[in-house]
Amino acid sequence: KREGARGLEDGNGGLAFPDWAYKAESSPGSRQIQLWHFILELLQKEEFRHVIAWQQGEYGEFVIKDPDEVARLWGRRKCKPQMNYDKLSRALRYYYNKRILHKTKGKRFTYKFNFSKLIVVNYPLWEVRGSQGRIQGI
DNA sequence: GTCGGAAAAG
DNA sequence: CTTTTCCGAC
């Protein structure tokens with residue numbers, strides 16, 4: 001039994017993620033929700049499986065089955081009715097350099113989380129506050 | 001579809 | 001700083 005992990009143990013080959021990956025919106029500091037939090041949030045709920053889901057096989061990889069719907073949901077959350085997949089995907093592309101995500105080339109609408117980076121952004125334990133996530137040892 | 005520069009908004 | 005908007009290039 002995994003501890004400290006929330007997962008999709010059904011139909012996903014035991015795919016599970018640590019709790020810190022699901023930290024999401026519960027920020028008392030009323031900080032704005034970030035896109036990758038939102039993506040993780042959708043991925044967490046079975047009701048959105050027809051819209052976005054984990055890709056079996058690669059850990060952390062997910063596929064957007066309905067780009068327009070994901071964009072609509074994101075736009076609703078951020079009060080940006082004009083949101084679309086073109087713009088949402090641009091935001092996703094900014095994550096490449098930040099090492100939060102990378103593209104699974106060749107596979108349509110498929111991206112993959114970089115959980116090493118996610119550890120960094122969710123754990124203020126490391127000395128990343130001054131150097132914006134330049135971690136070597138992961 | 002995907003990429004990434006540029007400008008702008010919050 | 002993150003994301004939105006716009007867009008030319010491949």
Side-chain angles (χ1 to χ4, degrees):
Chain A
K1 168 119 197 200
R2 299 179 192 76
E3 285 197 86
R6 199 174 302 182
L8 308 328
E9 266 102 36
D10 53 317
N12 278 302
L15 187 62
F17 287 87
D19 281 331
W20 48 257
Y22 294 95
K23 183 103 169 14
E25 69 231 281
S26 51
S27 301
S30 68
R31 205 160 70 215
Q32 261 215 323
I33 178 136
Q34 265 166 286
L35 180 53
W36 64 270
H37 284 157
F38 181 74
I39 296 295
L40 243 28
E41 191 180 304
L42 293 183
L43 250 16
Q44 193 179 176
K45 303 173 180 177
E46 305 100 52
E47 57 203 277
F48 294 111
R49 272 202 191 152
H50 294 293
V51 174
I52 185 172
W54 294 116
Q55 182 78 280
Q56 84 170 49
E58 278 296 318
Y59 190 79
E61 192 172 281
F62 63 94
V63 52
I64 297 174
K65 299 179 179 178
D66 189 339
D68 294 327
E69 182 60 14
V70 173
R72 261 196 300 283
L73 292 166
W74 175 235
R76 187 195 301 166
R77 175 65 68 89
K78 287 287 291 293
C79 297
K80 285 287 188 287
Q82 308 311 310
M83 183 50 61
N84 57 40
Y85 180 68
D86 180 55
K87 289 184 272 195
L88 186 153
S89 63
R90 182 67 188 91
L92 251 30
R93 268 174 242 131
Y94 271 132
Y95 286 153
Y96 299 171
N97 291 330
K98 294 160 125 180
R99 304 228 254 131
I100 290 176
L101 279 183
H102 72 76
K103 190 74 180 68
T104 300
K105 288 174 182 173
K107 291 183 182 176
R108 222 171 166 212
F109 309 131
T110 303
Y111 300 81
K112 184 171 176 175
F113 275 102
N114 179 335
F115 282 95
S116 299
K117 177 62 178 177
L118 255 37
I119 290 173
V120 172
V121 299
N122 281 285
Y123 270 101
L125 311 176
W126 274 285
E127 304 170 24
V128 292
R129 274 165 291 225
S131 51
Q132 276 303 325
R134 297 291 308 169
I135 292 297
Q136 323 283 331
I138 295 183

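Residue numbers begin at 1 in each chain, while the letters A, B, ... track the order of the sequences. Atoms considered below: every heavy atom in the structure, side chains included; atoms not considered: hydrogens, waters and symmetry mates.
Look at NZ on K87(A): it is 6 Å from C1' on dT5(C), rounded to the nearest Å. When rounded to the nearest whole Å, the span between CG of L88(A) and P of dT3(C) equals 10 Å. Taking atom CH2 of W74(A) as the reference point, atom C1' of dT3(C) lies 8 Å away to the nearest angstrom. Going from atom CD of Q82(A) over to atom P of dT4(C) covers 13 Å, rounded to whole Å. Taking atom CD1 of I100(A) as the reference point, atom C1' of dT2(C) lies 10 Å away to the nearest angstrom. A straight line from CG of L101(A) to C1' of dT3(C) spans 14 Å, rounded to a whole angstrom.
Relative orientation of the Y85(A) and F109(A) rings is perpendicular, given thresholds of 30° and 60° on the angle between their planes. Ring planes of W54(A) and F62(A): perpendicular class, angle over 60° (limits at 30 and 60°).
Contact between the side-chain N/O atoms of Y95(A) and the OP1/OP2 oxygens of dT2(C) is not found at any separation under 4.0 Å. For K78(A) and dT3(C), the shortest distance from a side-chain N or O to OP1 or OP2 is not below 4.0 Å.
Heavy atoms of L35(A) sit under 4.0 angstrom from primed sugar atoms or phosphate atoms, though from no base atom. When heavy atoms are screened at a 4.0 angstrom cut-off, F38(A) is found touching no nucleic acid atom at all. Using a 4.0 Å heavy-atom distance criterion, K80(A) is classed as a sugar-phosphate-only contact.
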Q: Summarise how protein sits on nucleotides 2-9 of chain B as a single string, 5' to 3': B when a protein heavy atom is under 4.0 Å from the base, S for sugar-phosphate-only contact, - for no contact.
A: SBBBBB--
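Shown here for A71(A) and L88(A), the closest heavy-atom pair between the two residues is CA-CD1, 3.8 Å.
Rounding to the nearest 0.5 Å gives a distance of 8.0 Å between CZ of R49(A) and NZ of K65(A).
For K107(A), the side chain to side chain donor-acceptor pair (under 3.5 Å) partners two or more places apart in sequence, or in a different chain, are E61(A). For F48(A), the ring-ring contact (aromatic ring centres under 6.0 Å, His included) test picks out no residue, with sequence neighbours left out.
E47(A) CD: more than 12 foreign heavy atoms inside a 6.0 Å radius.
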